[in-house]
Amino acid sequence: MCKIGVLVSGRGTNLQALLDAQNEGNLGGEVVLVVSNRSGAKGLERARAAGIKTEVLTRLHYPDKDEYDAKLIEVLIENNIDLVVLAGFMRILTERFILAFENKIINIHPSLLPAFKGVRAQWQAVDYGVKISGCTTHFVDRDIDAGPIIMQRAVPVASDDDGDSLAERILEHEHEILVESVRLFCENRLEIRGRKVIIKE
Ligand code: GAR
């Protein structure tokens with residue numbers, strides 16, 4: 001069974017979608033650890049409510065980025081993690097971390113990459129005036145929001161949308177493609193060929 005470690009910084013609705021799928025037997029893997037860089041993250045409460053082990057690693061304890069990531073790697077390895085999911089984890093990981101879990105880190109991003117990388121992608125999309133945005137799951141490589149794309153979902157932008165309303169609509173699709181991407185990974189059905197991710201039957 002694929003052991004999943006989820007990293008969160010905030011409310012954790014994507015984590016919840018994974019936990020719900022797991023409960024329904026639809027995840028193909030098991031979330032065994034949730035790590036947050038914020039002790040007050042709602043995602044931690046969700047994990048605890050589901051009886052899942054949690055760890056808090058804050059910048060206060062590890063102000064140095066390399067030391068932070070070294071500790072994070074240690075915690076994930078100790079728990080035999082096969083897949084790391086970034087579910088609203090608002091820290092940029094070092095190359096050391098990315099190499100330690102090469103092709104084993106999946107991120108969910110709230111835009112159709114490569115458009116609107118970085119933070120507040122939904123607000124960026126509204127400000128830019130695009131008619132369609134959406135969400136993307138991708139493998140994480142050393143460039144930010146740029147690794148091979150696993151799945152995408154398009155979401156129309158209405159003329160009266162603001163960042164909040166668009167974010168809310170995109171979120172439902174995030175939950176679906178994140179669960180599906182994790183399941184495909186756990187079923188060993190994702191093959192990375194250069195920039196492309198092939199979904200095997
Ligand atoms: C989600 O919209 C996720 O796509 C986004 O943070 C939110 C977390 O929500 N991630 C990023 O913007 C990463 N650059 P959640 O805590 O409810 O899952």
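Counting starts at 1 for both ligands and their atoms, following the listed order.
Remark: ligand 1 and Asn14 share an N or O pair separated by less than 3.5 Å (distance only, no angle test).
The local environment of CG in Leu99 is crowded, with over 12 non-hydrogen atoms from other residues, nucleotides or ligands closer than 6.0 Å.
The minimum heavy-atom distance between Ala87 and Val8, with the atom names listed, is O-CG1, 3.6 Å. When all heavy atoms of Thr54 and Ala47 are compared, the pair lying nearest together is CG2-CB, 3.6 Å.
If you check the side chains of Asn37 and Ser9, you find a donor sitting under 3.5 Å from an acceptor.
With hydrogens left out, the protein atom closest to atom 1 (C) of ligand 1 is Glu174 OE1, 3.1 Å, a heavy atom. From the protein, the heavy atom lying nearest to atom 9 (O) of ligand 1 is Arg11 NH2, 3.2 Å. When hydrogens are left out, the protein atom nearest atom 8 (C) of ligand 1 is Gly88 CA, 3.7 Å; that is the closest non-hydrogen contact. Here the protein heavy atom with the shortest distance to atom 15 (P) of ligand 1 is Thr13 N, 3.4 Å. In terms of protein heavy-atom proximity, atom 14 (N) of ligand 1 is closest to His109 ND1, 3.4 Å.
Taking 4.0 Å as the cut-off between side-chain N and carboxylate O, Arg153 and Glu176 count as a salt-bridged pair. Ion pairing of Lys104 with Glu102 is absent here, as no side-chain N (NZ or NE/NH1/NH2) approaches a carboxylate O to less than 4.0 Å. With respect to Glu45 and Lys42, no salt bridge is recorded, no charged nitrogen being found less than 4.0 Å from a carboxylate O.
By the criterion of a heavy-atom distance under 4.0 Å, neither the backbone nor the side chain of Arg120 is placed next to ligand 1.
Residue Ala17 places no heavy atom under 4.0 Å from ligand 1. Under a 4.0 angstrom heavy-atom cut-off, Met90 registers as being in contact with ligand 1. At a 4.0 Å cut-off, not a single heavy atom of Val8 sits close enough to ligand 1 to count as contact. Heavy-atom separations between Gly12 and ligand 1 include at least one value shorter than 4.0 Å.
Residue Gly118 approaches ligand 1 through these ligand atoms, each under 4.0 Å from one of its heavy atoms: 14 (N).
Residue nearest to atom 12 (O) of ligand 1, selected from Ser111, Pro110, Ala167: Pro110 (by heavy-atom distance).
With rounding to the nearest 0.5 Å, the separation of CD1 in Ile199 from OG in Ser181 is 7.0 Å.
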> When you look at Arg46 and Thr13, which way does the side chain to side chain contact (heavy atoms under 4.5 Å, CB included) test go after all the steps?
Replying inline: CA-CA 9 Å; Arg46 295 177 189 271; Thr13 65; 3.7 Å; yes

